[in-house]
A.B. asks: 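Have a look at this one before I ask anything.
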Amino acid sequence: MNKTLLCILGPTAVGKTATAITLAKQLNTEIISADSRQFFKEISIGTAKPSKQELAEVKHHFIGHLSIHDNYNAGDFERDALTILNELFKTHNTVIAVGGSGLYVKALIDGLDDMPKADEDLRSELNELYKTEGILALQNKLLIINENIYQQTELQNPQRVMRAIEVALAMQKGFVPNKKKNPREFNVIKVVINLDREVLYQRINTRVDLMMQEGLLNEAQTMQPYKDNYALQTVGYTELFNHLNGDYTLPKAVELIKQHTRNYAKRQITWFKKEAPQYWFNPTQTNEIIALLINKKPIT
RNA sequence: GGUGCGGUAGCUCAGUCGGUAGAGCAAAAGACUGAAAAUCUUUGUGUCGGGGGUUCGAUUCCCUCCCACACCA
């Protein structure tokens, strides 16, 4: 097993894109992006996709391969990314995965269990129930269907309860969850790119201003009719939708985008602390990462 | 200058019929296997504008000053 997937994790705006491109050029390989919002071709400015120039330097996969009208999730990504990855391993010993979406990276590396698929019709029904009758109604529904799952579910979290109902109903219809992991045919090295909190937050603020200069407001305006799509439940867009809606001024919206981006970065860091506590670098330490790749035993 | 309304947590504000206070947001920490840039959990914080008076006790009542806003001149 001499194939290795080098995973570059890190919070938003830390400089993952540039780091990954530098590494990919040195390793003469390609990049699999694991960023749940850069998948969508219609939203580019607010998702900080790699530039045309950057995309020309190194071949990227999963950038703009979907429409905001598509439904897509971590399970779909696992399947699609594995397919591409296995293709790439035919001609490369090392492939790079970059991403800020912890769950998606995890799906690629560890695999998700065999569980029921998302049921959009059921979800709109449950969302309606939640909107009209609140979390208690969801909790009760779950309790009636499957007490066992009820006890394992984070009951204050509406999305979790809805998913639990989805799973419980599928099991009622005969679905048998399979928790067996599929072992991967490749090694994995996970590194986290990070900066001092203060520096990172400053970069976030600056990047949001830059996005506004590049026309984020206009992009959001174009997307406004589809603001309820999952793809547009995204920092940078929701705030501008609310502004266009008349909820607050543009400067206020920009301030909130910065704030919510900082909150998001914080959540990512929390995830990565657990995911890969061993190897943390700053964005310029590409040589150290290469050295790690060569010298260290791969970790999983 | 006059009148009115206000000054309480980093911000927006609630409240205390007198016994030194609390929500939301922010912040910090955390959870997270098909919505994940989503969603959720936990935690603190205060010379209650300054000074004086009444009172056993004032952030609360009274007086005065300062500041902000609105209206009138």
Side-chain angles (χ1 to χ4, degrees), chain A residues 9-14 16 33-40 43-49 66 68 70-81 99-120 122-124 126-127 130 135 138-139 149 152-167 170 175 177-182 197-198 201 204 207-208 211 216 220 227-241 247-248 252 255-275:
Chain A
L9 309 170
T12 189
V14 80
K16 291 188 296 297
S33 172
D35 187 304
S36 70
R37 293 306 191 272
Q38 293 182 359
F39 295 161
F40 301 104
I43 47 176
S44 295
I45 299 172
T47 58
K49 275 185 196 157
L66 297 174
I68 56 159
D70 296 329
N71 283 316
Y72 201 74
N73 59 47
D76 298 323
F77 178 73
E78 177 186 354
R79 182 198 58 223
D80 296 346
S101 305
L103 179 63
Y104 283 67
V105 175
K106 193 176 165 58
L108 174 58
I109 295 173
D110 300 329
L112 300 178
D113 294 327
D114 189 15
M115 296 293 274
K117 297 183 81 171
D119 179 339
E120 292 307 324
L122 176 64
R123 284 187 185 189
S124 19
L126 293 175
N127 272 308
Y130 175 55
I135 188 80
L138 289 178
Q139 293 172 355
I149 293 180
Q152 295 165 25
T153 299
E154 195 184 323
L155 293 170
Q156 293 311 310
N157 188 331
Q159 288 186 4
R160 295 275 149 70
V161 180
M162 286 187 232
R163 160 101 273 235
I165 292 172
E166 198 170 74
V167 172
F175 183 92
N178 180 8
K179 295 238 170 194
K180 201 174 63 189
K181 304 263 189 222
N182 310 315
R197 190 70 62 90
E198 211 174 300
Y201 282 6
I204 287 172
R207 194 178 69 173
V208 171
M211 285 175 175
L216 181 58
K227 66 186 179 66
D228 292 329
N229 292 21
Y230 289 151
L232 290 162
Q233 312 294 309
T234 299
V235 175
Y237 296 89
T238 40
E239 295 83 359
L240 289 175
F241 294 148
D247 290 352
Y248 36 69
K252 178 72 181 170
E255 190 191 312
L256 284 174
I257 293 172
K258 291 175 181 174
Q259 193 175 90
H260 294 158
T261 307
R262 283 183 243 124
N263 296 157
Y264 170 50
K266 169 61 181 61
R267 272 178 270 133
Q268 289 176 299
I269 290 168
T270 300
W271 181 293
F272 298 140
K273 271 187 203 164
K274 210 174 67 172
E275 186 72 20

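What you see below is based on every heavy atom in this structure, not just the backbone, and it leaves out hydrogens, waters and symmetry mates. Since this is a predicted model, take the numbers as computed values, not measurements. Lettering follows sequence order; numbering is per chain, from 1.
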A.B. asks: Find every protein N or O atom lying less than 3.5 Å from an N or O atom of nucleotides 23-27 of chain B, and list the pairs.
C.D. replies:
{"from": "B/A27", "atom 1": "OP1", "to": "A/N263", "atom 2": "ND2", "distance (Å)": "3.2"}
{"from": "B/A27", "atom 1": "OP2", "to": "A/N263", "atom 2": "ND2", "distance (Å)": "2.5"}

A.B. asks: I'd like the C1' distance from B/U3 over to B/U20, given in whole Å.
C.D. replies: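 Nearest-Å result for B/U20 against B/U3 at atom C1': 33 Å.
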A.B. asks: What distance, rounded to whole Å, do you find between the two P atoms, one in B/A21 and one in B/G44?
C.D. replies: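 Nearest-Å result for B/A21 against B/G44 at atom P: 15 Å.
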A.B. asks: Side-chain N or O of A/R37 less than 4.0 angstrom from OP1 or OP2 on B/A36?
C.D. replies: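 Yes.
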A.B. asks: Using a cut-off of 4.0 Å on non-hydrogen atoms, how would the nucleic acid contact of A/G102 be classed: base, sugar-phosphate, or nothing?
C.D. replies: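 Contact class for A/G102: none.
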A.B. asks: Report which part of the nucleic acid A/Q156 touches: base, sugar-phosphate, or nothing (heavy-atom distance under 4.0 Å, all strands).
C.D. replies: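 Sugar-phosphate, no base atom in range.
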A.B. asks: Work out how far the P atom of B/C17 is from that of B/A73, and round it to whole angstrom.
C.D. replies: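 The answer is 40 Å between these two P atoms.
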A.B. asks: For B/G7 versus B/C13, give the span between their P atoms, rounded off to a whole number of Å.
C.D. replies: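 One P to the other, the span is 10 Å.
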A.B. asks: My understanding is that only residues two or more places apart in sequence, or in another chain, count here; which of them pass ring pair (Phe, Tyr, Trp, His ring centres under 6.0 Å) with A/Y72?
C.D. replies: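 Per chain and number, A/Y72 pairs via ring pair (Phe, Tyr, Trp, His ring centres under 6.0 Å) with A/F39, A/H65.
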A.B. asks: What's the gap between B/U16 and B/U60 when it is taken at their P atoms, as a whole Å value?
C.D. replies: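 Result for the P pair: 13 Å, nearest Å.
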A.B. asks: For A/N127, report the nucleic acid contact type (base, sugar-phosphate, nothing); a contact means any heavy atom under 4.0 Å.
C.D. replies: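 Since a base atom lies under 4.0 Å of A/N127, the category is base.
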A.B. asks: Could you identify which residues of residues 232-241 of chain A place a heavy atom less than 4.0 Å from some atom of RNA chain B, listed by residue number, or say none?
C.D. replies: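 By residue number: A/Q233, A/T234, A/V235.
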A.B. asks: Hey, does A/K106 have a side-chain heavy atom less than 4.5 Å from the side chain of A/I109?
C.D. replies: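 A side-chain contact is absent here, since even the closest heavy-atom pair is not under 4.5 Å.
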A.B. asks: Taking atom types as modelled, is there a side-chain donor on A/Q259 or A/Y264 under 3.5 Å from an acceptor on the other?
C.D. replies: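 Their side chains do not contain a donor-acceptor pair, so the 3.5 Å distance test is not met.
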A.B. asks: Rounding to the closest angstrom, what is the interatomic distance between B/G49 and B/A9 at atom P?
C.D. replies: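 Each nucleotide's P atom is 8 Å from the other's.
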A.B. asks: Would you say B/C40 has OP1 or OP2 under 4.0 Å from some side-chain N or O of A/R160?
C.D. replies: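 A/R160 to B/C40 OP1/OP2: no side-chain N or O under 4.0 Å.
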A.B. asks: What residues, two or more places apart in sequence or in another chain, satisfy side-chain hydrogen bond (donor to acceptor under 3.5 Å, both in side chains) together with A/N73?
C.D. replies: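 If we apply the side-chain hydrogen bond (donor to acceptor under 3.5 Å, both in side chains) test to A/N73, skipping adjacent residues, there are no hits.
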A.B. asks: With rounding to the closest Å, how many angstrom separate the P atoms on B/U12 and B/C56?
C.D. replies: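 It comes out at 38 Å once rounded to the nearest Å.
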A.B. asks: With a cut-off of less than 4.0 Å, is there a side-chain N or O of A/T47 near OP1 or OP2 of B/A37?
C.D. replies: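 So the side chain of A/T47 is outside the cut-off, no N or O lying under 4.0 Å from OP1 or OP2 of B/A37.
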A.B. asks: Considering only atom P, compute the distance from B/C72 to B/A28 and round it to an integer number of Å.
C.D. replies: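 46 Å, rounded to whole Å.
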A.B. asks: Using the salt bridge (Lys or Arg N to Asp or Glu O under 4.0 Å) criterion, which residues pair with A/E166? Sequence neighbours excluded.
C.D. replies: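 If we apply the salt bridge (Lys or Arg N to Asp or Glu O under 4.0 Å) test to A/E166, skipping adjacent residues, the hits are A/R123, A/R163.
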A.B. asks: Assess the residue pair A/K227 and A/Q233 against the criterion (side-chain contact (heavy atoms from CB on, under 4.5 Å)); give the C-alpha distance rounded to whole Å, side-chain angles, the decisive distance to 0.1 Å, and a yes or no.
C.D. replies: CA-CA 7 Å; A/K227 66 186 179 66; A/Q233 312 294 309; over 6 Å; no
A.B. asks: Can a side chain N or O of A/K106 be found less than 4.0 Å away from OP1 or OP2 on B/A36?
C.D. replies: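 Checking A/K106 against B/A36: no side-chain N or O falls below 4.0 Å of OP1 or OP2.
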A.B. asks: Looking at B/A29, I'd like to know if its phosphate oxygens (OP1 or OP2) sit under 4.0 Å from a side-chain N or O belonging to A/K266.
C.D. replies: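 Affirmative; the distance criterion is met.
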A.B. asks: For atom CD of A/E198, is the number of surrounding heavy atoms from other residues, nucleotides or ligands below 6.0 Å larger than 12?
C.D. replies: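 No, the 6.0 Å shell around CD holds no more than 12 heavy atoms from other groups.
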A.B. asks: Hey, are A/R160 and A/T153 close enough side-chain-wise for a donor-acceptor pair under 3.5 Å?
C.D. replies: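 Checked: A/T153/A/R160 side chains show no N/O donor-acceptor pair below 3.5 Å.
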A.B. asks: Report the C-alpha distance between A/V208 and A/K258 in whole Å, list the side-chain angles of each, state the deciding distance to 0.1 Å, and finish with yes or no for side-chain contact (heavy atoms from CB on, under 4.5 Å).
C.D. replies: CA-CA 6 Å; A/V208 171; A/K258 291 175 181 174; 3.8 Å; yes
A.B. asks: Of A/S36 and A/E154, whose nearest nucleotide on RNA chain B comes first from the 5' end?
C.D. replies: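 The residue whose closest nucleotide sits nearer the 5' end is A/S36.
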A.B. asks: Convert the base pairs of RNA chain B into dot-bracket notation, remembering that pairs crossing earlier ones are written with [ ] and that bases paired across to another strand are shown as |; include only Watson-Crick or G-U pairs under 3.5 Å.
C.D. replies: ((((.((..((((.....[..)))).(((((.......))))).....(((((..]....))))))).)))).
A.B. asks: In terms of the nearest nucleotide of RNA chain B, which residue is placed more toward the 5' end: A/K273 or A/Y104?
C.D. replies: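 On the 5' side of the pair lies A/K273.
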A.B. asks: Distance check: side-chain N/O of A/T270 vs OP1/OP2 of B/G30, anything under 4.0 Å?
C.D. replies: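 For B/G30, OP1/OP2 do have a side-chain N/O of A/T270 under 4.0 Å.
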